[in-house]
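Residue numbering restarts at 1 for every chain, and letters A, B, ... go by the order of the sequence lines. Basis for what follows: all heavy atoms, side chains included, without hydrogens, waters or symmetry-related copies.
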There are 2 protein chains.
Amino acid sequence: MSLRIALLGLLVEAGPSSGYDLTKHFGLSTSNVWSAKHSQIYPELRKMEADGAVTAVEESGARNKRTYEITDGGRGELRRWLIETDPNRDVRSEACLRLFMLPLLDPEESLPLLRAEAAVYQVRVNRLKSLAESMDSDLNRYQATLGVLNMTALRDWATYVADDIERKAAEKRA
Amino acid sequence: MSLRIALLGLLVEAGPSSGYDLTKHFGLSTSNVWSAKHSQIYPELRKMEADGAVTAVEESGARNKRTYEITDGGRGELRRWLIETDPNRDVRSEACLRLFMLPLLDPEESLPLLRAEAAVYQVRVNRLKSLAESMDSDLNRYQATLGVLNMTALRDWATYVADDIERKAAEKRA
DNA sequence: AATAGCATGTAAGAAGTTACATGATTTC
DNA sequence: GAAATCATGTAACTTCTTACATGCTATT
């Protein structure tokens, strides 16, 4: 369901798009909330077309490109899902699972890894901040901002835990 | 892989545990980073036992309970994964996907939903904060704190977007 | 004696990943 | 003309969810 909803949302946001275009969106800010590979997206779009949630126009040009557009039915489906569905609140993030368990290692091992994670998230914060500023639509700015807040939280956590572990290791030595 | 790693981590953290115990952990703070149902956990533990990553003791009592303990091999596997693996940074969160797309709705529809989301995350912030305070181990405190920071980010985002939409709607009316 | 919680399992199906497969066009 | 990028697809496999299935124990 989530993939279908994500695709409907992207089609509203970005207008008519090919499977290729939609695949690229999952590599940008959307990957902060959901992601999918082209091998899952292409069949899903065909299924949505069969259900009448989207329509497709096949380009006659040399490149065999199909452009999908959301239908009124698709819009209704998306709206109902947003309004009526109690979303599943579980999160799946391998990177957070790793963060979560990094403190299991000895300080000599965990500290550089935690500092490296903080740096990774700092880069993402910077990138998303400038992305947010360059966005012309409110929606895109909101979406980039969600990424900024999420990445900031992870950066802050990694820094806080590294500092705490460092302080405790110093106390022990003293 | 992630489920296996999560189970190994929980077995280090919590000590010898049954599949039932581990299933409950995925309903607590662990669900902020990964989750799994018992129907996936039981077979995975059997597989890990066959691989020598864990050992099992079957209780002779009336309740047919199997207690799993991590082996040295399992500890090594976990350590190597934490140190050597570049984790997948994709996130899957249906709740965030929904947040992400809520601004697609008209203000009259999105505002109450955004305020409700902010309230949901506020409750989680409060719960995790008191959980963090009550935790005796550093690791558990760190883990609860990761939840606090993540939930705070979502609460702040929902509030920021709701305020922004409200302000813009008021400007338009004026 | 009924209800809630402990405790484990399997089977079918849906969702997601990896690898294979093809071919056109643009840029250098 | 080589490399990067556009563009779509399928097959095999792994992972995850939902539903079914069972039976004990503690509480009220």
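B:R4 is listed as a side-chain neighbour of B:D51, based on a closest heavy-atom distance under 4.5 Å.
Using a 4.0 Å cut-off between a side-chain N of Lys or Arg and a carboxylate O of Asp or Glu, B:R167 and B:D163 do not qualify as a salt bridge.
Atom CZ of A:F26 and atom C1' of C:dT17 are 15 Å apart (whole Å). D:dT10 atom C1' lies 14 Å from atom CG of A:N64, rounded to whole Å. Atom-to-atom, CD of A:E44 to P of D:dT8 comes out at 16 Å; the value is rounded to the nearest Å. In this structure, CG of B:N88 is placed 18 Å from P of D:dT14, rounded to the nearest angstrom. B:H38 has its NE2 atom 9 Å from the C1' atom of C:dT10, to the nearest Å. Rounding to whole angstrom units, CG of residue B:L7 and C1' of D:dT15 are separated by 13 Å. Atom NZ in B:K47 sits about 9 Å away from atom C1' in D:dT15, given to the nearest Å. Between A:M1 atom CE and C:dA15 atom C1' the separation is 12 Å, expressed in whole Å.
In this structure, B:M151 CE and A:R89 CZ are separated by 9.5 Å, a value rounded to the nearest 0.5 Å. To the nearest 0.5 Å, the span separating SG on A:C96 from CD on A:E117 amounts to 9.0 Å. Here the CG atom belonging to B:L114 is positioned 10.0 Å from the CD atom belonging to B:E166, to the nearest 0.5 angstrom. Here the straight-line distance linking atom OG of A:S110 with atom CG of B:L82 works out to 10.0 Å at 0.5 Å rounding. Considering CG of A:L104 and CD of A:E109, their distance stands at 11.5 Å, rounded to 0.5 Å.
Using a 4.0 Å cutoff on non-hydrogen atoms, the parts of residues 16-24 of chain B near DNA chain C are B:S18, B:G19, B:Y20, ordered by number.
Across A:A6 and A:F26, no two heavy atoms sit closer than the pair CB-CZ, 3.9 Å.
Taking only side-chain atoms of A:R92, from C-beta outward, the nucleotide of C:dA7, D:dC16, D:dT8 with the closest atom is D:dC16. Ranking D:dA7, C:dA7, D:dC16 by closeness to the B:Q40 side chain, first place goes to D:dC16. Distances were taken from every side-chain heavy atom of B:W34 (C-beta onward) to each of C:dT8, D:dC16, D:dT8; the shortest belongs to D:dC16. Comparing atom distances between the B:Y42 side chain and each of C:dA7, D:dT18, D:dT8 picks out C:dA7 as nearest.
No hydrogens or angles considered: nothing links the side chains of B:D156 and B:T159 as a donor-acceptor pair under 3.5 Å.
Regarding contacts with the backbone of D:dC16, every side-chain N or O of B:K37 stays at 4.0 angstrom or more from both OP1 and OP2.
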Got a list of protein N/O to nucleotides 11-13 of chain D N/O distances below 3.5 Å?
none

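Each of B:D90 and B:Y68 has a nearest nucleotide on DNA chain C; the 5'-most of these lies closest to B:Y68.
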